[in-house]
Amino acid sequence: MQSRRWFGGAGFSFADDPVTETLSQAIRGTGEELDREPDTGVLFGSLRGSVVGLRYYTGVVNKGEMVSLVRQPQNPYDRNAVMVANVYGSQVGHIKRELAALLANIMDNNLARVEGVVPFGVKNQFTMSVVLSFWGREENRDAVVRQITSRSFKLQSGPTGFMCVDGSRDLPRKTVLLTAEELKNAFDNLFENLMEDKIGEREAVEAVCTPLLPHQKQALSWMCVCENNTALPHFWEVKEGLFYNTLTHSSVRERPQRVRGGILADDMGLGKTLTTIALILSNFHHGKPLCEPEKSSPEPKASTTARKNPEGKSGEGVQAEVSVAPAGHSPCMRANQAETQVVCVESVDVVQEDVVEDGDEDWVSEKKAKGRPQGGKAKATTTKKAAKTKGKAVSTSRKGGAVLEDLDFAAALSGLTQGAPQKKSVGKSVVSPVEAASSQSTDDPAARATLIICPLSVLSNWLDQLDQHVRADVKLNVYLYYGSERNRDTHFLSSQHVVLTTYNVLSADYSGIASPLHTVSWLRVVLDEGHIIRNPNAQQSKAVLKLNTQRRWILTGTPIQNNLRDLWMLVAFLRLKPFDVREWWNRVIQRPVTQGDKTGLQNLQALVKCVTLRRTKTSRVCGRPLVSLPERSVRIEEVELTQKEREEYELARTEGRSTISRYVAEGTVLRNYADVLAILVRLRQFCCHPDLLGKTTTHTGVVAVTPAELRERLIMKLRLVLGTGSDEECAVCLDSVRLPVITHCAHVYCRPCIAEVIRSEQEQARCPLCRGQIKASELVEFPLEEEEEESNLLENWRSSSKVEALMSSLLRLRSEDDSIRSLVVSQFTRFLTILEIPLREEGFKFVRLDGTMSQKRRAQVIQEFQSDAPGSPLIMLLSLKAGGVGINLSAASRVFLMDPAWNPAAEDQCVDRCHRLGQKRDVVITKFIVKGSVEENMVKIQRQKQDLVEKAFGTKNPSERKTSRVDEILALMEL
DNA sequence: ACCGCCGGGTGCC
DNA sequence: ACCGCCGGGTGCC
């Protein structure tokens, strides 16, 4: 019989078991095409079938529980085989042969996604019923129905009452639907109020020389608990010897792997970096510190220059601060050494959790193996006692000066009981988090390095902060894994304390043959700005998922922007079972939530809550604000145009209005969207400076005749839409446009996004915005030209009202207090160029930061601006979206916003770069608004926008967005 | 599986 | 005895 099992075996668990890995990969792999739109499929109907061969597998399925159907084309007995697996990836059985033939046909041809629900409970011994439902695109309905009926199965319409996740009843679940507004609010608040009341505080170890603020101590405490506490999240219970998940109502025999890590989603500026550094130093194996200061020989802070500068000559791949002491004698290694005195075997946090060790469990389970239920209480007591006994054993088991550490002890215990059946049955313990050290005992104790992955822009920030917050006499090995000369030796990497790298390097390595970063067994992986990996199709996301580590952290200020799907990737990275498998995420969370199902949302909230800590700048702890930032005030300075400027402006405005009116009359606004936008951009540019338009003064809107002319026109539009730094979004990915291309119908997308549309729709490809025909060959991108007329711009330089307004503000400021630094912000980089002239003339020392600069140059500029050395610049010219989040410009306390942005959040984000932790002065923001212009209207709309309750996330389709944007434009033009 | 199916043993009652 | 019937072995794909 054994030999007939070609796949699977006795109750396998998740990641550790290679077989399961294959299985979950198989599950992941299925239906990926359809999974791309999990919430758009239509239900064709359902039918009852049977699952056979139950007795060969260990997967348990409860009444009403969902199962997944996985094709097994390689099955030696039947190439049509369809395997049935439960939520945790354990195989349950197979679909009966004849039905499997039908499903194979449907699944292989991608005609429908097939989902299974088991209507009757666990007692099925040999076969069981399964209700299969078929979801897919409407155009495939006929084919599916035909397939089913031709094989004389009967398709019932509707879900036949067994669709519920919560399968306690055989009745269709009553779904409580939420209104869009409720949903939106709930979603907005998803990440709010996640502060656990019981969260304690924890001091960092001495090695961290910066004192932690109270909220940072809380975060540290929380992070340590997340890492050390092997208890399962509260939605797991032990029921009748099985691990039961209250979210999915399903059970597993094997203890699911607990998430060790989470999402630290604090607002930026609250010190996520510092807290993470504190975590690295404070919580090595078993809650003990990684490094302690070398008290014997305090060394002067040395060689900081080497680590500081990723761009130094040899710059890249520097070993920062080489540890001199042989590894074994380094204090940093102590945690691993048996002969060292153990300071605290269990951290305070762990002790609270009522630990039950592996061995104890077995002991308990054997005791009560026969006499079933009842006395749950008695069992719990036994468990507790066992825990206590064990605790004692640990603290007294010194043998020849060696102390058995808790886990070693646990391992020893489980070793003794190896012969006993590996069945894990623990009495229903009083404390809901069920512990078992089993997951830990599989950890590689040699793993010691933390890998930090961040965007290039904050790489230097990490180095700075490590330098700043770690005591100089602590030998922390930090290796910057970056640049072509980086050391790829895995032993070397493994021996570091911290390895720092970027997402780009990671994905570059990953696409290679043997990725060093994927070979190392990490103690911890930290994703800084973790929202970067929200697109699961991205190479860097895939690379990140494949890292081999015990603990996983995501640092982000913006865990989700507007789409539930963003969250999945984070969940998958954390391996939050079982939702790291797309199917369960879709079925349990995504589809229900997008359909407005209240329980779906509650599940989502529970899920998020158990892995996330988020505080905002305005959060309060015990009634006190988290951080006390200096005041910030906004004043609007109205700018009057000169007579001549006004005339020019009115001319352009009148022309623009008539063009747009014509589109409105023709009903072609949407189709001429880029044109409309261009008109608007032109007016906004006029408000800043008449020369901003450059050579784009040609009239748009005129129908082009020759292809060259058309191309020229499209490029011009593209430049108008994007080149100015306005925040246009791609209608496919709904993100800011990257690698912009413009279609012949004048709509702008990211090249990869629209290329994918064209690839998948082939000849029928249509523009997502206007449904016009599009072809790959007709996509126009920016030519690599420019710059000839830049000098022209500066030679015939003239001023403008807004320039004058800024200059007089700056001059006044300098005469009042010449230590105050300012950010001068515009969306138009050309405007920044124009501003350079008068700044130079008046003898202001300034730097400039915009999106065209190399990362290297950016870091230099930021450092220069932040430096308090005499003669350092007073002003930074900053393009609104340059550098993204996370840049620290706290040296500035004045912000001049030269032109209003579409998106008030972009302005806020920009201001936040100086109004953040470390800011000593009150921050004053000045917004220049030209009186009687589009700018005034933009400010009005910004205000309305803030009050506006938008429709729920994700569901809003791109053209809808554009429609509302068009409404805005009409309002701006007073049409 | 308290089934169905297979195949060997068996063969009036 | 080329059947029926009985009862044991057996059992997913």
Side-chain angles (χ1 to χ4, degrees), chain A residues 1-13 17-32 46-134 144 147-148 150-155 162 170 240 242 250-254 423 581 583-584:
Chain A
M1 202 206 340
Q2 186 75 2
S3 62
R4 302 196 63 176
R5 288 188 199 168
W6 70 281
F7 191 71
F12 34 81
S13 66
D17 189 329
V19 179
T20 319
E21 198 51 36
T22 323
L23 177 56
S24 56
Q25 273 165 11
I27 295 171
R28 264 179 240 267
T30 53
E32 214 171 75
S46 51
L47 60 82
R48 178 76 69 90
S50 47
V51 185
V52 293
L54 301 197
R55 66 137 135 179
Y56 299 99
Y57 309 99
T58 52
V60 194
V61 187
N62 293 327
K63 191 180 195 178
E65 191 184 321
M66 306 176 306
V67 289
S68 109
L69 305 168
V70 184
R71 276 285 287 121
Q72 288 182 334
Q74 301 301 323
N75 189 306
Y77 303 97
D78 181 0
R79 62 186 171 80
N80 289 326
V82 176
M83 182 199 78
V84 179
N86 71 8
V87 174
Y88 304 102
S90 302
Q91 181 163 2
V92 174
H94 279 106
I95 292 291
K96 214 169 163 27
R97 205 178 203 101
E98 307 77 49
L99 183 54
L102 165 68
L103 296 192
N105 199 320
I106 288 173
M107 292 167 88
D108 295 350
N109 293 314
N110 241 321
L111 294 174
R113 191 169 63 239
V114 190
E115 296 183 353
V117 174
V118 172
F120 309 114
V122 267
K123 285 189 214 109
N124 310 300
Q125 270 193 66
F126 303 96
T127 64
M128 67 182 176
S129 273
V130 60
V131 175
L132 302 169
S133 49
F134 298 81
V144 172
Q147 281 292 332
I148 294 174
S150 74
R151 288 170 197 256
S152 38
F153 287 98
K154 253 179 96 183
L155 189 69
F162 297 115
D170 288 346
E240 292 162 16
L242 298 171
S250 49
S251 316
V252 231
R253 221 161 274 208
E254 293 295 298
K423 199 172 163 192
V581 173
E583 177 174 359
W584 309 120

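Just so it is clear, the values below take in all heavy atoms, side chains as well, and ignore hydrogens, waters and symmetry mates. Each chain gets a letter, A, B and so on, in the order its sequence line appears, and its residues count up from 1.
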Just checking Ile95(A): base, sugar-phosphate only, or nothing, at a heavy-atom cut-off of under 4.0 Å? sugar-phosphate

Quick one: [X] [atom1] to [N] [atom2], roughly how many Å, whole number?
X	N	atom1	atom2	value
Leu99(A)	dC12(C)	CG	P	17 Å
Asp78(A)	dC12(C)	CG	C1'	10 Å
Gln125(A)	dC2(B)	CD	C1'	12 Å
Leu103(A)	dC13(C)	CG	P	13 Å
Lys96(A)	dG11(C)	NZ	P	15 Å
Leu69(A)	dC12(C)	CG	C1'	15 Å
Leu102(A)	dC13(C)	CG	P	15 Å

Would you call dA1(C) syn or anti, using the 90° rule around 0?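 Here dA1(C) takes the syn form, which means its glycosidic angle is within 90° of 0.
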
[X] versus [Y]: any side-chain heavy-atom pair under 4.5 Å?
X	Y	result
Leu47(A)	Phe134(A)	yes
Val51(A)	Val118(A)	no
Glu583(A)	Met66(A)	no

Taking dA1(B) as the reference, what is the distance to dC6(B) when you measure between their C1' atoms (whole Å, please)?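 To the nearest whole Å, 15 Å.
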
Paired nucleotide for dG11(C) [Watson-Crick or G-U wobble; both distances under 3.5 Å]: dC3(B)

Roughly how far apart are Thr58(A) OG1 and Gln91(A) CD, rounded to 0.5 Å? 8.5 Å

Please determine which of Val82(A), Leu103(A), Leu102(A) meets the side-chain contact (heavy atoms from CB on, under 4.5 Å) test together with Val114(A).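 Result for side-chain contact (heavy atoms from CB on, under 4.5 Å) with Val114(A): Leu103(A).
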
With a centroid cutoff of 5.5 Å and a plane-angle limit of 30°, would you call Phe126(A) stacked on dA1(B)?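 Yes; by the centre-distance and plane-angle rule, Phe126(A) counts as stacking on dA1(B).
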
Within the structure, does a side-chain N or O atom of Tyr56(A) lie under 4.0 Å from either OP1 or OP2 of dC12(C)?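 It does, given that an N or O in the side chain of Tyr56(A) lies less than 4.0 Å from OP1 or OP2 of dC12(C).
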
Would you say the side chain of Asn75(A) and the base of dC13(C) hold a donor-acceptor pair, judged only by whether the two atoms sit under 3.5 Å apart? yes

